[in-house]
Amino acid sequence: MFDSLSLQQAISQFHFIRPLWLLVLVPMGLLFWLRWREANQPGWQEVLPKHLRQVLTIGEKGWSKQLPLKLLMVIIAMAILICAGPTWQRQASPFGEDKASLLVLLDSSESMLQQDLPPSRLERAKQKVRDLLELRQGGSTGLVVYAGSAHVAMPMTQDTKVFEPILAAISPDIMPAEGKFAEKTLPLIEQLLQGRPGSTVLLVSDGANPNTIAAFNAFFSDKPYQLMILGAGNRDVVSSAPADFASLRQLASEVGGRFIEITVDNSDVERLNRTVERNMQLNGESSMPWQDMGYQLLLPIALAMLLWFRKGWLVQWCVVLSLTGTLLAAPAVNAETIIASKAQTAEPAEQVTIWDKTVQGWWDLWLTPDQQGQRLFNQGQYLEAAKHFVDPLRKGTAYYYASEYKQAHRVFLQMDTDFGLYNAASALAREREYLAARDLLRSLAEKDTLSTELRPSVEHNLKVISGIVDEINRTSESQAGTTDGPEESFELSDDKPRTAEGADEQTAAELMIKETLNANEILGSNELADKWLKRVEADPKYFLRAKFQIQRNQSNQPKEGGELQQ
């Protein structure tokens, strides 16, 4: 269902994908007028007196007069609208990088420790962020925390599992400066979202000051971002620092965003998720295709066509002929066929039955393999749909939805096009084959023949995956040589995904440690990850505290000429 703002956005986005089809309405209207005029010409019945004509003739009167013609015009008009392709939202891509981007601004000031929302406002806010991440399917998510200063706790990433230790470590005591200045997050918003249309900024706080409202109003006035505010607090519980929901509502009103108060159940998170996705569909990147909504008119057309089976409207034997033809064309199955099929396999689930063949024969009569695959795809049977699809793009997409990324990669390569290679790189990334995905995207980006529509997406994904590889390499290097004694080393298996180049671990020769510890081992094996984590003694809280302090010190260092870095 549309709320008022979504309905307003849908109306503003409404248009036809193929508007030239609407020109067909002109000759259709002309034919309708000619046929109507011909049907209303006086006939021999008009010669009879009125009292005799009413007794001796049978004819349609009132609204039912010329009913078949009226209904035919309605059906044709709806068919033309379907061909014109009405739409008001963009089509969501199966690949996560095309889905809604979300940046969470989490208030980490002292007031968030109030316990009117047990165990505290901050802990409940972090729980809601976790629940929101679980609902989101794909898309980039980032985390910025603020108090007296603002810092990037997690850059934009699609791997939501890495948020758990970071969220657990967030608390006011890791912030280098006290206060509640949400406006300090504004430069970081632009740095992380980079003007990406359809993105959403989620502010989680218990209040805002007038300077914050003025700064947010000026910032969002010319930015393509949606602002959502999640209010943390409980107005029904007495607190030494009551939540200021009035200021948050004023902020949402002036910026054109939405304010949602934290609820006991999951309704607030579900509403947030719907709004984030809806905003992406209405205001997303122009590379996302418009979704053809005209197909929804097929059902009323089918219902209207049922009236044509009435006597005098259409030949009634069409139904009988259709059913008879289907039965005659169904493949014949005898006892020998069933026995032979049973002899080939001992699994009852794989035995071919008369019903299975009859049903398959029925669909073969009316639908092509791609149409049968689309039917299964719409029902969520992605793996079965992939087995029916012939078109490589559809087959690869179905395998992608079914999480069969190796199969999807293989099929996308069969397209032998730049778009196919782009999709193949996405499948490799889902397999965590970041090196192969990066190399494939890099070769695409270096092509002079790459289309201008595809190039921005290729360059964006190349930048993201290269950043992932660099980050994994830095993580591997930071752990190289950190052991205090002999430690078991691990070999890199050739059959595991290559997430990064890795970093050599230099150790003393007398300790006989000569293996390599790289990011693949960290991310590819739970057993090795546990052993690696045993080497890490630092609490994420201390890491974040040091990181934020360094960032604050760097921002306070004067540039040449005495200016301070912002």
Side-chain angles (χ1 to χ4, degrees), residues 92-99 101 136-142 154-162 192 194 196 285 287-288 382 386 392-451 453-477 492-503 516 518-525 529:
S93 169
F95 307 110
E97 57 271 13
D98 290 337
K99 294 189 177 180
S101 297
R136 284 169 53 77
Q137 301 295 326
S140 299
T141 306
M154 178 60 63
M156 304 299 293
T157 177
Q158 295 181 17
D159 188 1
T160 56
K161 293 182 180 179
V162 299
L192 294 174
Q194 300 179 351
R196 191 177 300 117
E285 299 179 2
S287 59
M288 297 174 61
Y382 303 124
L393 178 59
R394 294 183 176 182
K395 181 183 285 289
T397 302
Y399 276 129
Y400 195 101
Y401 266 83
S403 299
E404 296 288 341
Y405 300 121
K406 289 185 178 180
Q407 296 291 344
H409 170 252
R410 176 184 59 82
V411 174
F412 282 138
L413 290 178
Q414 297 176 2
M415 295 177 61
D416 196 23
T417 62
D418 292 342
F419 187 62
L421 295 177
Y422 168 74
N423 292 339
S426 298
L428 285 173
R430 289 294 185 180
E431 289 185 84
R432 293 166 55 180
E433 293 283 357
Y434 299 130
L435 290 179
R438 182 195 63 183
D439 294 341
L440 185 55
L441 289 173
R442 184 177 293 168
S443 64
L444 275 176
E446 293 173 354
K447 281 188 175 182
D448 297 332
T449 57
L450 187 64
S451 66
E453 296 180 355
L454 189 58
R455 182 172 294 277
S457 298
V458 171
E459 293 177 349
H460 170 73
N461 289 357
L462 175 60
K463 180 180 178 181
V464 172
I465 294 178
S466 298
I468 293 175
V469 173
D470 294 340
E471 184 66 25
I472 294 175
N473 284 332
R474 284 193 295 269
T475 303
S476 178
E477 291 171 1
L492 175 63
S493 177
D494 293 334
D495 61 349
K496 294 180 179 179
R498 293 286 297 175
T499 59
E501 289 89 346
T516 298
N518 57 43
N520 167 58
E521 296 168 328
I522 297 172
L523 300 178
S525 170

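Heads up: numbering here begins at 1 and tracks the sequence. Because the structure is predicted, anything quoted here is derived from the model rather than measured. Excluded from the calculations below are hydrogen atoms, water molecules and symmetry mates; all remaining heavy atoms, backbone and side chain alike, are included.
The side chain to side chain donor-acceptor pair (under 3.5 Å) check on Glu404 picks up nothing, with sequence neighbours excluded. Annotation: side-chain contact (heavy atoms from CB on, under 4.5 Å) contacts of Ser443 (sequence neighbours excluded): Leu440. Residues satisfying the side-chain contact (heavy atoms from CB on, under 4.5 Å) test with Ala408, not counting sequence neighbours, are Tyr399, Tyr400, Phe412, Ala427. Looking at residues two or more places apart in sequence or on another chain, you find a side-chain contact (heavy atoms from CB on, under 4.5 Å) between Pro392 and Val411, Met415. Residues passing the side-chain contact (heavy atoms from CB on, under 4.5 Å) test with Ala429 are Ala437, Ile465, sequence neighbours excluded. Applying the side chain to side chain donor-acceptor pair (under 3.5 Å) rule to Lys447 yields the partners Asp418; only residues at least two apart in sequence or on another chain are considered. For Arg455, the side chain to side chain donor-acceptor pair (under 3.5 Å) criterion is met by no residue, not counting sequence neighbours.
Atom-to-atom distance recorded for Leu441:CG and Lys463:NZ is 14.5 Å, nearest 0.5 angstrom. To the nearest 0.5 Å, atoms CG (Leu192) and CE (Met154) are separated by 11.5 Å. Note: Ser140 OG to Arg196 CZ = 6.0 Å, rounded to the nearest 0.5 Å.
Side-chain contact between Leu428 and Glu431 is present, with heavy atoms from C-beta onward closer than 4.5 Å. Annotation: side chain of Thr160 is not in contact with side chain of Arg136 (no heavy-atom distance under 4.5 Å). Side-chain contact check for Thr157 versus Val464: every heavy-atom pair is 4.5 Å or farther apart.
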Full working for side chain to side chain contact (heavy atoms under 4.5 Å, CB included) between Lys406 and Arg410: CA-CA 6 Å; Lys406 289 185 178 180; Arg410 176 184 59 82; over 6 Å; no
- request: Step by step, work out the side chain to side chain contact (heavy atoms under 4.5 Å, CB included) result for Asn461 and Tyr422.
  value: CA-CA 9 Å; Asn461 289 357; Tyr422 168 74; 3.0 Å; yes
message: Please determine whether side chain to side chain contact (heavy atoms under 4.5 Å, CB included) holds for the pair Asn423 and Leu393, giving the CA-CA distance in whole Å, both sets of side-chain angles, and the decisive distance to 0.1 Å.
response: CA-CA 9 Å; Asn423 292 339; Leu393 178 59; 3.5 Å; yes
Residue pair Thr141, Met156: steps toward the side chain to side chain contact (heavy atoms under 4.5 Å, CB included) verdict: CA-CA 5 Å; Thr141 306; Met156 304 299 293; 5.6 Å; no
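The minimum heavy-atom distance linking Val458 with Ala445 is given by the pair CG1-N, 4.0 Å. Scanning all heavy atoms of the two residues, the minimum distance from Ser466 to Arg438 falls at OG-CG, 3.6 Å. For the residue pair Leu450 and Leu444, the shortest heavy atom distance occurs at CD2-O, 3.5 Å.
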